[in-house]
Amino acid sequence: CGMVCTNMGVKAGKRIGVKGEIAAGAKSFVLNLGKDQANILLHFNPRFDVHGDARIIVCNSKDKGEWGAEQRESAFPFQEGTNVEIFITHDPSNLTIALPNNHQFKFPNRLGLQVIDFLNAEGDFTIKSIQLE
Ligand SMILES: CCCO[C@@H]1O[C@H](CO)[C@@H](O[C@@H]2O[C@H](CO)[C@H](O)[C@H](OCc3cn(Cc4cccc(C#CCN)c4)nn3)[C@H]2O)[C@H](O)[C@H]1NC(C)=O
């Protein structure tokens, strides 16, 4: 599995920047942000071609191990085999996810999490840098 960061201490109002490389021939990758593996504020899953989804971002949450309802985004400013930077701004009610090409969308803070301590990556993505600001 990919990189795991813990004890990040990102409070509301702060922004996390994740820079990484999308693998050539990528099918799907995941960024999870939250408290820990079982309490995920944002499961961010761009799907190039998997589960019958083609070039769709699927987002969800996980509360005490239980998945919530999926939210699908139509913007898909990702290319296999390229470097990309994604910004997530933490907020008590809505996260703002900023993507390349000035795309951005919001995802509800369903867990009401005040501090983001946990981040991990899965799948066809290699984290190169994480910026906390
Ligand atoms: C239509 C009836 C059926 O409905 C489908 O039912 C599936 C199963 O429930 C859902 O799919 C789940 O959706 C969830 C969010 O909701 C989650 O994304 C979860 O994946 C967790 C997960 C897996 N990984 C490991 C990993 C990740 C990415 C790359 C790799 C790799 C590699 C080497 N190249 C490995 N990390 N996290 C996914 O399986 C579909 O969306 C859903 N579809 C719809 C339309 O509803």
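Hydrogens, waters and symmetry mates are skipped; everything else that's a heavy atom, side chains included, is used. Each ligand, and each atom within it, is numbered from 1 in the order the structure gives.
No more than 12 heavy-atom neighbours from other residues, nucleotides or ligands sit within 6.0 angstrom of CD on Glu66.
Sorted by first then second residue, the side chain to side chain donor-acceptor pair (under 3.5 Å) pairs that include residues 73-87, not counting sequence neighbours, are Gln71-Glu73. Listed by first and then second residue, the ring pair (Phe, Tyr, Trp, His ring centres under 6.0 Å) pairs that reach into residues 19-69 are Phe29-Phe78, Phe29-Phe125, His43-Trp67, Phe48-Phe76, sequence neighbours excluded.
No donor-acceptor pair under 3.5 Å is formed between the side chain of Asp117 and the backbone N or O of Thr6.
The side chain to side chain donor-acceptor pair (under 3.5 Å) search around Arg55 returns none, not counting sequence neighbours.
Side-chain atoms of Ser28 and Arg47 include no donor-acceptor pair closer than 3.5 Å.
The 4.0 Å heavy-atom shell around ligand 1 contains residues Ser28, Val30, His43, Asn45, Arg47, His51, Asn60, Trp67, Glu70, Arg72, Glu122, Gly123, Asp124, ordered by chain and number.
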